[in-house]
Amino acid sequence: MRRAGRPFLFITCHELKEMLGRTAWDERELLDGIEEVPADSLYYHTLSYFLRSKYLASPYPNDFATWAAIQVRDRVLGERLAVVDPFDYEDIESLRSELITIIDDHLASLPTIPRVVYGEPFHFMRSTIIEIPTGIEARSLREFRDGVQAVDLGAIFYHFFGVVRRKNSRHVDPIVWLEEELDLPDLAGRIRRMNPYVSSLDGFRTRLLAVLDHVLEEVGDA
Amino acid sequence: MPERPLRLDDYRQVVPSNTIDLIYRLAERVQGRSLLHVNSTRVGGGVAEMLHRYIPLFQDIGVEAGWEVISGSDAFFRVTKSFHNALQGQEQVFTEEMLRTYLEVNRENAARLDLAADVVMIHDPQPAALIEYASRKGKWIWRCHIDISRPQRRAWNFLRQFIVKYDAAIFSLPKFSQRLPIPQYLIYPSIDPLSEKNRDLTGEEVNAILDRLNIPRDKPILLQVSRFDRFKDPIGVINAYRIVKKYDDCRLVLAGGTADDDPEGAQVLSEVMEAAAGDPNIHVLLLPPTADLEINALQRAATIILQKSIREGFGLTVAEGMWKGKPVIGGFAGGITVQIIYGVTGYTVNSVEGCAFRIRYLLNNPEVARQMGENAREYVRQNFLITRDLIDHLALMVSLLG
């Protein structure tokens, strides 16, 4: 089996959580916040949700949807926000625009602005991702597969859940590496089409390992 | 007998896999850097307990970690207790003389202490004004452990003039964050699973300690471990117990102590003793700050653990109880709300009546209580162990020092 000239280095990450000191007590304030907060804040409340839900998951995989449904008790808005798949958007500004449109449209249809009565306000946060090399590297598909199995879930998040896409860093993108270094464009395409939105980090890893094992079996390296 | 200083590798047996390796790799980026903690007491209270545990761990991974304690008069600690209460929302009176006392003691300590370090972490309001008088070299961080979600405006305004001079602040919950021109980070506090307070105990050890404390194990035990402090609502706990007692036989144990910087503790304890008088099933234990093993045994012997606080910083006794595999009923306050997942790891309650109802429910549904206890332990393993805290602090050092 082909060996890569350039090894793939697995990197894990830790999220430093920064509070912006800004809260929303009703859905108008939530809308205003989404319009104005930095991109790192939208990133925190959507994509990086997966880093924080390793054991117990919230009702929806983004904080805006969960807040609307649980704290404001506006299940309609919760459901409408929950269906927004952040992995569908090329950049965070497109995602911001979609969220704004949904909330604006929802509020236009209501006589009053839903607000928190008994629940907690929404606290806008921001994500800073600290990269940490794992020391695990791969030069073949077998080593890549074993690396995926061995690394902690932070590395799965880093390489497959958006850090790479957000930073547009080709040298840490496993899909680019599989394509260019191992000449496996079909496998790369298959992984690229795996949508992580409705799975957990652990669930995604299980699916990914199944795909990699299948390819290894085909090439007689199972 | 003094405990052997723990090494990071000792934690491999209890923390999530890969965690220790991740800490070593992160620590490589701050090797040889210095981190100095400053607080107001070396004994008693959650901050001192936390520093005792994790300073040796920082040292073990190559960070030069130190700890300084400010000293002050009784008058100073009365002022800081008033600050503590005011920042947690109680109306307090501050005279000019009180503010002068606070500033003067901070000025004296700034002159006395060696505060040179790459990162200086100042804990809570007592030493917050050190930044006004110290010559700063490294990055200064203000670490707030208390609930300042609704502070008395005058107290916060006074304190804020110092906080804005820091490079960053750390709060335990998003709702404690303030409108500040400096970065505010969220770091949950943690417990040490290998400390005397949390390590595994055998059944024989638990029985022996309960015997020594004169707590019979003939009926279910309800336990609240906390300082004798009004915000912990010990009287509310007794009232909830009295409601339960009409239907279900049980014992109530209120175990706690007081801290050097808490002059109100004795008064609250006396009120609790009065409320408990005449009931042989209520046990009020005034424990010294060193009674970690006793607390551990009490938590393991308990059927249900209570933390019915009405105001709370984070309330780490909740995580301690959860780590023992027990369901916890806690007041809807401070960090209790992020530790207790309602109906999964325990219940949050908003009244004496709510507390009584959930105690009754769990006493009468032992299988639910057992499953909640299991969930609770796993939730703590993932989120509230000292190793996660270490990672957060290392990540912050990496971020601040570049």
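So you know, we letter chains A, B, ... as the sequences are listed, proteins then strands, and number each from 1.
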| said: I need the single residue from B:D21, B:T19, B:N18 that forms a side-chain contact (heavy atoms from CB on, under 4.5 Å) with A:D152. Which is it? | reply: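 That would be B:N18; it is the only one of B:D21, B:T19, B:N18 passing the side-chain contact (heavy atoms from CB on, under 4.5 Å) with A:D152.
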Looking at side-chain heavy atoms only, is the closest gap between [X] and [Y] below 4.5 Å?
{"X": "B:D392", "Y": "A:H14", "answer": "yes"}
{"X": "B:F332", "Y": "A:E120", "answer": "yes"}
{"X": "A:I130", "Y": "B:R29", "answer": "yes"}

| query | Just wondering, are more than 12 heavy atoms of other shown residues or ligands nearer than 6.0 Å to CZ in A:R73? | reply |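 Open: at most 12 neighbouring heavy atoms sit under 6.0 Å from CZ of A:R73.
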| task | Flag yes if more than 12 heavy atoms outside A:R75 fall under 6.0 Å of its CZ atom; otherwise flag no. | result |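 No.
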Need one label for [X]: side chain, backbone, both or neither, based on atoms under 4.5 Å from any heavy atom in chain A.
{"X": "B:I182", "answer": "neither"}
{"X": "B:R381", "answer": "neither"}
{"X": "B:L180", "answer": "neither"}

| task | Please report the C-alpha distance between A:E18 and B:L186 in whole Å, then the side-chain angles of each, then the deciding distance to 0.1 Å, and finally whether the side-chain contact (heavy atoms from CB on, under 4.5 Å) criterion is met. | result | CA-CA 6 Å; A:E18 190 182 331; B:L186 172 66; over 6 Å; no
| said: Restricting to non-hydrogen atoms, name the atom on B:S177 and the atom on A:G21 that form the minimum distance, rounded to 0.1 Å. | reply: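 So the minimum-distance heavy-atom pair works out to OG-CA, 3.8 Å.
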| query | What heavy-atom pair brings B:R25 and A:T12 nearest, and what distance separates the two atoms? | reply |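 Closest heavy-atom pair between B:R25 and A:T12: NH2-CG2, 4.1 Å.
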| field | A:C13 side, atom SG; B:L26 side, atom CG - distance, nearest 0.5 Å | value |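 Answer rounded to 0.5 Å: 11.5 Å.
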| request: State the OH-CZ distance between B:Y185 and A:R126, to the nearest 0.5 angstrom. | output: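 It comes to 8.0 Å.
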| Among all residues two or more places apart in sequence or in another chain, which pass the salt bridge (Lys or Arg N to Asp or Glu O under 4.0 Å) test with B:K326? |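 In terms of salt bridge (Lys or Arg N to Asp or Glu O under 4.0 Å), with neighbours along the sequence ignored, B:K326 is linked to no residue.
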| salt bridge (Lys or Arg N to Asp or Glu O under 4.0 Å) with A:D32: which residues, sequence neighbours excluded? |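 Listed in chain order: nothing, the list is empty.
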| task | Anything in residues 393-402 of chain B with a heavy-atom distance to chain A below 4.5 Å? Please list those residues in order. | result |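 Near chain A, by residue number: B:A395, B:L396, B:V398, B:S399.
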| So which residues of residues 146-162 of chain B are in contact with chain A at a heavy-atom cut-off of under 4.5 Å? |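 Heavy-atom contacts from residues 146-162 of chain B to chain A are absent.
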| said: Quick one, B:Q184 with A:L20, criterion side-chain contact (heavy atoms from CB on, under 4.5 Å). Give me CA distance, side-chain angles, the key distance, then yes/no. | reply: CA-CA 7 Å; B:Q184 303 174 72; A:L20 297 180; over 6 Å; no
| said: If I measure from the heavy atoms of chain B, does A:M19 come under 4.5 Å with its side chain, its backbone, both, or neither? | reply: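 It is both, since atoms from each part get that close.
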